[in-house]
Visitor: 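Pasting a structure here, questions to come.
The model shown is predicted, which means the values in this text are computed figures rather than measured ones.
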Amino acid sequence: FSSRRRHTRLLRVSWARSVYKRQPSLHTHDETISDLVAAGFSGFMLANNHIADYGEAGIDASIEQILESKAVYAGVKTTKHSKNPTLFYTINDTKIALVNAAESQFGMLDSSSAFLGARYGYVDCFGWEFIAHLQALKKEVDVVIAVIHAGLENVAQPLPQFRELYKMFCDMGADCIIAHHPHIIQGYEDYLTNDGRESRIFYSLGNFFFSYNSAITDPLELQGLSVVLRFDRGRIASYELVFSQQIGESVGELDSSGLCVSMESLNATLCDESAYKQAIMEIITQAYPQYMKYYEYVFLLPSRDNSWLTNIKLFIKSLFFPHRYLEPRQALLLHNINIPTHRFVQELYLKYALYHKS
């Protein structure tokens, strides 16, 4: 796959304003969808934390380009496109359903957003509606595949809360979980469901092609994993892993020997309770201090990392100008407490610090 042009334009809505949020607002090249369709892709999973960065118009523009390209999509709905479709296929006498959801971030059409009047957004993977949908689909088809956008970015192992969530999805009806968002490849594991089905969970595919405002320097973010599923007589007959490498504006297939990580090592850590726990504790210990910096900014708190002059300024701001720049501070607070990944990291770290540290 190769992108034909290097310029970046907002997908059919270059006039649209970015919606206010604490994360960067991202968009892709205008011709990305048509290039992907030309390369052989026929379906797009749109549930992710940036799909609503340019509001309802941005989502509608993406959907319309997908439909114009004779492709299909799942994971979002808008006022204009009010149905979030489930994708159905029949391959080798196997009925397959493909669903898409993401964790709660900006653009999520969850219960609180709906209560406040939101009519567009992406599907909440923590919502009971999504879980009930998995159960209902399993009664209709042979294989249910759930594509989930969630997880802590740029870490080698999935958080334990997501491992439990994905296993619950399998118990509810999913036969395969394919997850992404951490931007680097993570491991995968097999899971035997309560009703005796064998499911497989892929925790992060990494990046296939990621276009950003600045060059990506982390080699781990330039490599991705694709999963090829083969179906036969009502089941997933086999899995094949295909690795890719992004080089500039192009993506090519990569031999496993060229990976920056070892899939065997990643999977072995998942299977070793002690090694996995140690890896997670290292991850959250490194991540937690950043959340403290967020709270210091939100509540105008002094910090030992600041100079005495900066702390004096913060004290003056908190005393005389507490409402200055309140909106961005509120947005960051919502970012911290609304996104499950961030809440999970803080919860684990604080419970460990308060109750389990020896």
Side-chain angles (χ1 to χ4, degrees), residues 16-26 45-60 62-63 73-86 99-136 146-153 159-162 164-166 168-169 172 174 179-182 287 290-291 294-295 297-299 323 325-351:
R17 294 178 61 191
S18 170
V19 179
Y20 189 84
K21 56 183 291 192
R22 285 303 298 175
Q23 298 166 307
S25 294
L26 304 180
M45 306 292 101
L46 298 184
N48 68 78
N49 58 304
H50 289 289
I51 190 63
D53 280 3
Y54 291 85
E56 189 170 19
I59 301 177
D60 279 333
S62 298
I63 292 173
Y73 73 94
V76 296
K77 62 181 179 179
T78 66
T79 305
K80 185 176 181 180
H81 301 275
S82 58
K83 184 179 180 181
N84 166 41
T86 297
V99 294
N100 181 215
E103 70 171 305
S104 306
Q105 296 202 32
F106 172 79
M108 169 69 70
L109 191 56
D110 55 10
S111 58
S112 60
S113 299
F115 173 76
L116 294 172
R119 296 185 178 181
Y120 70 91
Y122 61 86
V123 177
D124 181 5
C125 70
F126 285 89
W128 286 111
E129 183 179 351
F130 178 71
I131 295 169
H133 189 45
L134 291 176
Q135 290 180 298
V147 180
I148 309 295
H149 189 84
L152 185 61
E153 297 182 30
L159 295 175
Q161 295 95 330
F162 282 111
E164 291 301 312
L165 178 71
Y166 295 161
M168 186 265 284
F169 286 168
M172 293 299 104
H180 47 79
H181 182 63
Q290 184 60 49
Y291 296 105
Y294 290 158
Y295 288 119
Y297 169 74
V298 168
F299 297 112
H323 298 293
Y325 305 117
L326 182 61
E327 191 176 51
R329 289 190 283 125
Q330 287 177 328
L332 183 56
L333 181 60
L334 180 62
H335 180 271
N336 252 27
I337 65 176
N338 183 56
I339 298 175
T341 288
H342 300 326
R343 192 168 67 250
F344 293 160
V345 171
Q346 296 170 80
E347 176 191 16
L348 274 176
Y349 180 87
L350 291 171
K351 283 183 177 179

Visitor: Mind checking what makes side-chain hydrogen bond (donor to acceptor under 3.5 Å, both in side chains) contact with Gln346, not counting sequence neighbours?
Guide: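 For Gln346, the residues satisfying side-chain hydrogen bond (donor to acceptor under 3.5 Å, both in side chains) (neighbours in sequence not counted) are Tyr295.
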Visitor: Measure the CZ-CD distance between Arg119 and Glu56 for me, rounded to the nearest 0.5 Å.
Guide: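 Here the interatomic distance stands at 9.0 Å.
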Visitor: Any side-chain heavy atom of Tyr297 sitting closer than 4.5 Å to one from Pro328?
Guide: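 The answer is yes; the side chains approach within 4.5 Å.
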Visitor: Please identify each residue that fulfils ring pair (Phe, Tyr, Trp, His ring centres under 6.0 Å) with Phe344, with sequence neighbours left out.
Guide: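 Testing Phe344 for ring pair (Phe, Tyr, Trp, His ring centres under 6.0 Å), a comparison that skips the adjacent residues, returns Phe162.
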Visitor: With no hydrogens and no angle check, is any side-chain donor or acceptor of Asp124 less than 3.5 Å from a backbone partner on Asp110?
Guide: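 Not at all, since once roles are kept as given, no pair shorter than 3.5 Å links the two residues.
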Visitor: Can you tell me how far apart OG1 (Thr79) and CD1 (Ile59) are? Round to the nearest 0.5 Å.
Guide: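 Rounded to the nearest 0.5 Å, the OG1-CD1 separation comes to 9.5 Å.
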Visitor: Could you list the residues that satisfy ring pair (Phe, Tyr, Trp, His ring centres under 6.0 Å) with His342, not counting sequence neighbours?
Guide: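 With sequence neighbours excluded, His342 shows a ring pair (Phe, Tyr, Trp, His ring centres under 6.0 Å) to Tyr291, His335, given in chain and number order.
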Visitor: Name all residues meeting the side-chain contact (heavy atoms from CB on, under 4.5 Å) criterion together with Ala118; count only those two or more places apart in sequence or in a different chain, and write none if there are none.
Guide: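 Applying side-chain contact (heavy atoms from CB on, under 4.5 Å) to Ala118 gives Leu109, Ser113.
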Visitor: Which pair of heavy atoms, one from Ala52 and one from Gly107, lies closest together, and at what distance?
Guide: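 Nearest pair, atom of Ala52 first, then Gly107: CB-CA, 3.7 Å.
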Visitor: I want to check something: taking the side chain as every heavy atom from C-beta on, are Phe299 and Leu333 in contact at a cut-off of under 4.5 Å?
Guide: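 Yes, at least one pair of side-chain atoms sits under 4.5 Å.
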Visitor: Specify the closest pair of heavy atoms between Val345 and Ala287, including all atoms of both residues, with the distance to one decimal.
Guide: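 For Val345 and Ala287, the tightest heavy-atom pair comes out as CG1-CB, 4.0 Å.
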Visitor: Side chains of Lys83 and Lys77: closer than 4.5 Å at any heavy-atom pair?
Guide: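 Result no, sub-4.5 Å side-chain heavy-atom pair not found.
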Visitor: Quick one: side-chain hydrogen bond (donor to acceptor under 3.5 Å, both in side chains) partners of Glu103, sequence neighbours excluded?
Guide: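 For Glu103, the residues satisfying side-chain hydrogen bond (donor to acceptor under 3.5 Å, both in side chains) (neighbours in sequence not counted) are Thr341.
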Visitor: Which heavy-atom pair separates Pro182 from Ala150 by the least distance, and what is that distance?
Guide: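 The answer is CD-O, 3.5 Å.
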Visitor: With sequence neighbours left out, what residues match Glu129 under salt bridge (Lys or Arg N to Asp or Glu O under 4.0 Å)?
Guide: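 Salt bridge (Lys or Arg N to Asp or Glu O under 4.0 Å) check on Glu129 returns nothing, list empty.
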Visitor: Using side-chain hydrogen bond (donor to acceptor under 3.5 Å, both in side chains) as the criterion, list what pairs up with His81, not counting sequence neighbours.
Guide: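 Expected list: none.
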Visitor: Quick check: does any side chain N or O of Arg343 sit under 3.5 Å from a backbone N or O of Ile337, one acting as donor and the other as acceptor?
Guide: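 Yes; at least one donor-acceptor contact below 3.5 Å.
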Visitor: Identify, with sequence neighbours excluded, every residue that meets side-chain contact (heavy atoms from CB on, under 4.5 Å) alongside Leu334.
Guide: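 For Leu334, the residues satisfying side-chain contact (heavy atoms from CB on, under 4.5 Å) (neighbours in sequence not counted) are Asn338.
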Visitor: Not counting sequence neighbours, which residues clear side-chain contact (heavy atoms from CB on, under 4.5 Å) with Ala101? List them please.
Guide: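 Partners of Ala101 under the side-chain contact (heavy atoms from CB on, under 4.5 Å) test: Val123, Cys125, Phe130, Ile148.
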Visitor: Does Glu347 have any side-chain hydrogen bond (donor to acceptor under 3.5 Å, both in side chains) partners at least two apart in sequence or in another chain, and if so, which?
Guide: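 Listed in chain order: Lys351.
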Visitor: Rounded to the nearest 0.5 Å, what's the gap from OH on Tyr73 to CE on Met45? Could you check?
Guide: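 If I round to the nearest 0.5 Å, the distance is 11.0 Å.
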Visitor: Among all residues two or more places apart in sequence or in another chain, which pass the side-chain contact (heavy atoms from CB on, under 4.5 Å) test with Ser82?
Guide: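 Once residues adjacent in sequence are excluded, Ser82 has no partner under the side-chain contact (heavy atoms from CB on, under 4.5 Å) criterion.
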Visitor: If you look at every heavy atom in Asp53 and Leu26, which pair is closest and at what distance?
Guide: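 Taking Asp53 first and Leu26 second, the nearest heavy atoms are OD2-N, 2.8 Å.
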Visitor: Which atom pair, heavy atoms only, marks the closest approach of Val76 to Ala47?
Guide: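 Closest heavy-atom pair between Val76 and Ala47: CG1-N, 4.3 Å.
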Visitor: Nearest 0.5 Å please: distance from the CG atom of Leu152 over to the CG atom of Leu159.
Guide: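 Spacing of CG (Leu152) from CG (Leu159) equals 5.5 Å.
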Visitor: Looking at every heavy atom in both Ala74 and Asn84, which two are closest together, and how far apart are they?
Guide: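 The pair with the smallest heavy-atom distance is C-OD1, 3.6 Å.
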Visitor: Side chains of Tyr120 and Asp60: does their closest heavy-atom pair fall under 4.5 Å?
Guide: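 Heavy-atom side-chain distance check fails, nothing below 4.5 Å.
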Visitor: Name all residues meeting the ring pair (Phe, Tyr, Trp, His ring centres under 6.0 Å) criterion together with His180; count only those two or more places apart in sequence or in a different chain, and write none if there are none.
Guide: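 His180: ring pair (Phe, Tyr, Trp, His ring centres under 6.0 Å) contacts with His149.
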Visitor: Pick from Asn49, Asn48, Leu46, Asn100: which one makes a side chain to side chain contact (heavy atoms under 4.5 Å, CB included) with Tyr122?
Guide: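 Single pass found, and it is Asn49.
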